[in-house]
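Read through the structure below, which is laid out as structure tokens, and then see the notes.
For clarity, every value in this text was computed on a predicted model and none was experimentally measured. In what follows, chains are A, B, ... by sequence order, proteins preceding strands, each numbered from 1.
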There are 4 protein chains.
Amino acid sequence: MAGSVNKVILVGNLGKDPEIRQAQSGAKIVSLTLATSDTWNDKASGERREKTEWHRVVIYNERIADVAERFLRKGRKVFLEGSLQTRKWTDQSGQERYTTEVVVDRFRGDLVLLDSNRGEGEDFGGGQSASAPASRGNAGRSPATAGRPDLDDEVPF
Amino acid sequence: MAGSVNKVILVGNLGKDPEIRQAQSGAKIVSLTLATSDTWNDKASGERREKTEWHRVVIYNERIADVAERFLRKGRKVFLEGSLQTRKWTDQSGQERYTTEVVVDRFRGDLVLLDSNRGEGEDFGGGQSASAPASRGNAGRSPATAGRPDLDDEVPF
Amino acid sequence: MAGSVNKVILVGNLGKDPEIRQAQSGAKIVSLTLATSDTWNDKASGERREKTEWHRVVIYNERIADVAERFLRKGRKVFLEGSLQTRKWTDQSGQERYTTEVVVDRFRGDLVLLDSNRGEGEDFGGGQSASAPASRGNAGRSPATAGRPDLDDEVPF
Amino acid sequence: MAGSVNKVILVGNLGKDPEIRQAQSGAKIVSLTLATSDTWNDKASGERREKTEWHRVVIYNERIADVAERFLRKGRKVFLEGSLQTRKWTDQSGQERYTTEVVVDRFRGDLVLLDSNRGEGEDFGGGQSASAPASRGNAGRSPATAGRPDLDDEVPF
DNA sequence: TTTT
DNA sequence: TTTT
């Protein structure tokens, strides 16, 4: 089916430090857990309520993965753009499971750091923006995530 | 946590007619299955490949649910904006499961019809924003489905 | 023309304090000047370069205007969503001019504060999110900005 | 200034055929005029009203410029993503002027064709992302223009 | 005019 | 598990 758009835009805080792993190809893959939340006044009780949503983010884009590894830490606030992808996997009891992730790959995605470094850890000397180039090569284009055997034996979250 | 954004933007085609159900409150809830796809040239085989992503959409917003019920049909192309929500549920074997959906609720979301089935079905004489939809799909197979075999296949949910 | 989308998403810093004025109807209108920037390495000189883009934002949405008036100040970083609108006006020499603005109105737009209050001015006790409700009334809908006589004699920027 | 985002998302119809020109570097530059519109019921008169917004789009991205040149024609509906840029120029009377455009450049932007003119003109056998557009508009008036009188009017630029 |  |  042609003519489609699949875009996710998140601004949230990292729930923990990024997890770095290696694809079989040697490529770096960075996983993030990002929290967004809604707050509202409950009309019944009059109390202020909050609901946090947790997002699983997987970064295949090389340049963005580098930025994420170097500068992202638990608690940091980021703007992140990616696309939705639901991955099928088999749990230990042999049952099929599905996990939906926000994927930042070679062709789509962006990462912008929104808070300043608080003096902890490595300094990074300025703001970072690390977007995937719009110019997707038309030859040899192949989603970095097709099949993704490197992830098939990994339990999400 | 304050200061967050949780936004999904999709342009895709409905995999089947909308499902309408009623909340205990009596409110109408509309569920959609939306397909987006990526196509690329496989560098190894040189073949053209395509991967379709299926999105579960749940519309709680009253006005948008009305529009969806009246005008959306299998095969129609829509622009949809909502937010990500992962819902926990228990399957028949008692195991915890998670399902991620794109939610259009009272506060966030949009629906825009992108193809017109002019001259067929109900006319509504206006633009196709969710507040003023422009054309009515037929019941059953929309003509827009012709030529899109991927939509004739079984949808995963 | 039906079936359209007009959306702007900005994350940037206020160049100065918001300007508050009153429409003839008595409604509050808040104007912001928002800076975004791109940085890159000039391949010729090898120098780091930066280009700042200034955006004129006009907030007609009542609730968001309130939040903007109370919490936004020069330098603050915000996430802002609105729509593009180009306004025609006549300058002092009688010439027609056009100014493009990002409009946050009753039906579309969002404002999220992204940095914490730095201890200056009024405290606001938490994060603010102030989005325009998705439920645009279908009766009596009329863009707050149609004609906008209150702005016609105002020179932009 | 780091940590900023400048993003425009439009779904609209071309007001006229794309204009192609050459940069001094020899690079192809494609300009589009895109219409989006809002419709609403005027509460005073009870009449249905519509306001069309015209957007200037400039495509510097090589791959997307190619797609635009080949497949876009007056009346076609597209999804377009770019960034806002205000350009200063001097008119014939020596006065400074500003024009705001939606820019699709090397780093940011996307173009997706949303309607198909199947069976007419050049076939390209694929999906309609900018890297793999799916259908070719006719030269001259596209059939999609029929019934959309607003596109037959003079566009403002 | 912002920001880093 | 984040954040305010």
For the pair made of [atom1] in [X] and [atom2] in [N], what is the distance, rounded to whole Å?
X	N	atom1	atom2	value
C:Arg56	E:dT2	CZ	P	17 Å
B:Tyr98	F:dT1	OH	P	13 Å
C:Asp115	E:dT4	CG	C1'	13 Å
A:Phe71	E:dT4	CZ	P	16 Å
A:Asp17	F:dT2	CG	C1'	12 Å
A:Glu19	F:dT2	CD	C1'	14 Å
C:His55	E:dT1	NE2	P	17 Å
C:Leu113	E:dT2	CG	P	20 Å

Between C:Lys77 and C:Asp115 (salt bridge meaning N to carboxylate O under 4.0 Å), is one present in this structure?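 Looking at C:Asp115 together with C:Lys77, the answer is no, because their closest N to O distance does not fall below 4.0 Å.
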Hey, is A:Glu47 close enough to A:Arg49 for a salt bridge, meaning N to O under 4.0 Å?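 Answer for the salt bridge query: no.
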Name the closest nucleotide to the A:Lys16 side chain, picking from F:dT2, E:dT1, F:dT1.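 Closest nucleotide among those given: F:dT1.
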Taking the minimum atom-to-atom distance to the side chain of A:Ala35, which one of E:dT1, F:dT2, F:dT1 wins?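 Side chain of A:Ala35 sits closest to F:dT2.
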Establish whether the base of F:dT2 is bridged to the side chain of A:Thr52 by a donor-acceptor pair shorter than 3.5 Å.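 Between F:dT2 and A:Thr52, which were checked side chain against base, a qualifying N/O pair under 3.5 Å is present.
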What distance separates B:Glu101 CD from B:Leu84 CG, expressed to the nearest 0.5 Å?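 One gets 10.5 Å once the value is rounded to the nearest 0.5 Å.
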Worked verdict on C:Val102 versus C:Val58 for side chain to side chain contact (heavy atoms under 4.5 Å, CB included): CA-CA 6 Å; C:Val102 178; C:Val58 187; over 6 Å; no
If we require ring centres under 5.5 Å and near-parallel planes under 30°, does A:Trp54 stack on F:dT2?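 So A:Trp54 does not count as stacking on the base.
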